[in-house]
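Worksheet for the structure shown next.
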Amino acid sequence: MMRCPLCGYSKAERILEKRAIPIFTNAPDKFQEDFETYRCDLDQCVKCGHVFQHISKNLKIALEKIYKSERAQITTPLGVGNWGRERAPYLFEKLKRIDKYKKNISVLEIGCGNGYVLKTLKEMGFQNLIGIEPSLKKSERVNGILFIKEFVLKELELHKSFDFIFSIGVYEHIEDIDNITSFSKRYLNPDGELFIFVPNCEKSFLTGDPGIFTHEHLQYFEENSLKYHLSKHGLGVIENQSDHHALAIYAKEIKEISSREDATPYDSYQKKVDNKLKEISNTLRNDNLIVHGACNALNNILGWLGGKFNFTLVDNDATKHGKMFFNKKVQPISALDLASFDTVLIIPPFFSEPIKAAYRKAGFNGQFNTAD
Ligand SMILES: [Zn+2]
C-alpha cells in the first residue's frame, strides 16, 4: 500500500476499482499513441480522507511520455478553438486577485501549458513573467516571457524570487505534492502570494459521478484537503474563489498552523458509480440517442461498460468536429436533424445547463439524461 501523499499515513481504503481502459488524452482515435489499457483504482486515506490514485509502474512510464508530448492535456487547451476560448473567462475570473498587484511584480507560473495565461497577463501589462512546463518544445524567451522547459524538481534553480506564483491544473497530476509546494515557497518573496487552481472533487465523490477518474490525475482534492496541504507548509488561505467545479485558493505564509478538519468518507462511491453506470447503460440502449461530450468521462463510461453502443456523438468543441472519437464521428448540434432523436445524454456535469439550453434553442423537444 502506498503512503497517503497528503499526510503520509500508510492505511487507505479502496473507493474505486475498475477494469483497465485506455488513457484519455483528448486526441482523436487515429492520433491515439498508446493502445494499452490501464487499471482505474482510487484509494482514500483513512486518517486524513485524501483521495489518490495508486499507479502502476507501467502507467507512470506512460504518463511521463504523455507529459513530454503535445498531448499533455485532458481537455482542449485554454485559448484554443471556441471551447478553449469559452473556458478562459471563467479562469480569469478566479485569477482576478492578481489585478490588485502593480504590473511590475514578478510572476511565476508552474505548468504553464501553451503559455496562454502568461501571454494574456502580458497583454494586461504585466512585465516580469516566467513559465515552467515540461511539454514545451524548448526553453526560450517569447515576447518578453521566459518559458523554461523543465519538470519542477528540487534541483531546478531559478536564481530569482517571485511576488506571485500560480499553477492551474497542475497539483492533481503530481505524485509528490510536497515537493512542488516546497519549491514554490522557496521562490516566493516574503509577503508573496500563491494561487492554486485544481478540480474540486467533493461533489463527484458524493454523487457517484463516473467522470471524475482520469489516469492523469493522481490527487483528487476537496477544499479541506487542499487547505490542509497548504497549512502543512505554513501557508494560510487569504482568499477563496472555489466552487463545485474547481478549487481556486490564494495563500501566503502564516504563523499558526491549523490541523485537518473531519474528512468525509467516500466508501459508497463505487456503489454509486455502479448504479449510475447501470442507468447510463439503459440510456445507451436507446436507438435514437445523442451523446453529448467527447471527453474523459465518456472514455470511462464506455471503457467500464465495455459494450458496443449505437449513438450519435456531439460536442460543442469545434476542434473536434468531423474527427473520430470512440469510433464515432463528432458532430455539431447544427448538423443534426433533431426531430429524429428522442434523448440527449449529457456527459460533462458542470456544463449540463448551457448544453440543454443550446438543444432547446435548436428546436429539440425530447428528454435529457445526465451522466453525473
Ligand atoms: Zn492522509
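By convention here, the first residue in the shown sequence is residue 1.
Remark: K232 engages D178 in a salt bridge, criterion side-chain N to carboxylate O under 4.0 Å. Note on E157 versus R186: salt bridge recorded, some NZ/NE/NH1/NH2 to OD/OE distance being below 4.0 Å. A salt bridge links D191 to K252: at least one charged side-chain nitrogen sits closer than 4.0 Å to a carboxylate oxygen. Between E239 and K100 there is no salt bridge, since no side-chain N of the basic residue sits under 4.0 Å from a carboxylate O of the acidic one.
Side-chain polar atoms of N369 and E279 form no donor-acceptor pair below 3.5 angstrom. H173 and Y67 form a side-chain donor-acceptor contact under 3.5 Å, judged by distance and modelled atom types alone. Between the side chains of D209 and T207, no donor-acceptor pair is found at a separation under 3.5 Å.
Panel note: side chain E172, backbone V170; a donor-acceptor pair is recorded below 3.5 Å. With hydrogens and angles disregarded, a donor-acceptor distance shorter than 3.5 Å links the side chain of Q219 to the backbone of I174. Of the possible polar contacts, one joining the D315 side chain to the A294 backbone as a donor-acceptor pair under 3.5 Å is found.
No more than 12 heavy atoms of other residues, nucleotides or ligands shown are found within 6.0 angstrom of NZ on K96. Counting non-hydrogen atoms of other residues, nucleotides and ligands closer than 6.0 Å to CG of D274 gives a total above 12. The environment of CG in N365 is sparse: at most 12 heavy-atom neighbours from other residues, nucleotides or ligands sit within 6.0 Å. A 6.0 Å sphere centred on NZ of K203 holds no more than 12 heavy atoms belonging to other residues, nucleotides or ligands. Within a 6.0 Å radius of NZ in K356, other residues, nucleotides and ligands contribute more than 12 heavy atoms. Within a 6.0 Å radius of NZ in K160, more than 12 heavy atoms belonging to other residues, nucleotides or ligands are found.
With F164 as the fixed residue, the ring pair (Phe, Tyr, Trp, His ring centres under 6.0 Å) test singles out one of Y101, F126, Y187: Y101.
A 4.5 Å side-chain heavy-atom check between C40 and W304 finds at least one atom pair inside the cut-off. At a threshold of 4.5 Å between non-hydrogen side-chain atoms, the residues Y228 and F221 do not count as touching. Using a 4.5 Å heavy-atom threshold, the side chains of Q270 and K18 count as touching. Within the 4.5 Å cutoff, no side-chain heavy atoms of P28 are placed close to those of K320.
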Criterion side-chain hydrogen bond (donor to acceptor under 3.5 Å, both in side chains) on D163 and N189, from CA distance to verdict: CA-CA 5 Å; D163 303 305; N189 284 332; 2.8 Å; yes
message: Apply ring pair (Phe, Tyr, Trp, His ring centres under 6.0 Å) to residues H245 and Y90 and explain how you reach the verdict.
response: CA-CA 11 Å; H245 180 58; Y90 168 78; 5.6 Å; yes
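Under the 4.5 Å side-chain heavy-atom criterion for grouping Ile, Leu, Val, Met, Phe, Trp and Tyr, I355 is connected to L338 within one hydrophobic cluster. Note: the hydrophobic cluster containing F151 also contains I55 (ILVMFWY, side chain heavy atoms under 4.5 Å, direct or indirect links). Hydrophobic clustering (ILVMFWY, side-chain heavy atoms < 4.5 Å, transitive): V51 and Y9 are in distinct clusters. Both L153 and L63 are assigned to one and the same hydrophobic cluster, defined by single-linkage of ILVMFWY side chains at heavy-atom distances under 4.5 Å.
Between H217 and Y220, the ring planes are perpendicular. Angles over 60° get that label, and only those under 30° would be called parallel. By the 30° and 60° cut-offs, the orientation of the rings of Y359 relative to F364 is perpendicular.
The minimum heavy-atom distance between T319 and D317, with the atom names listed, is OG1-OD1, 2.6 Å.
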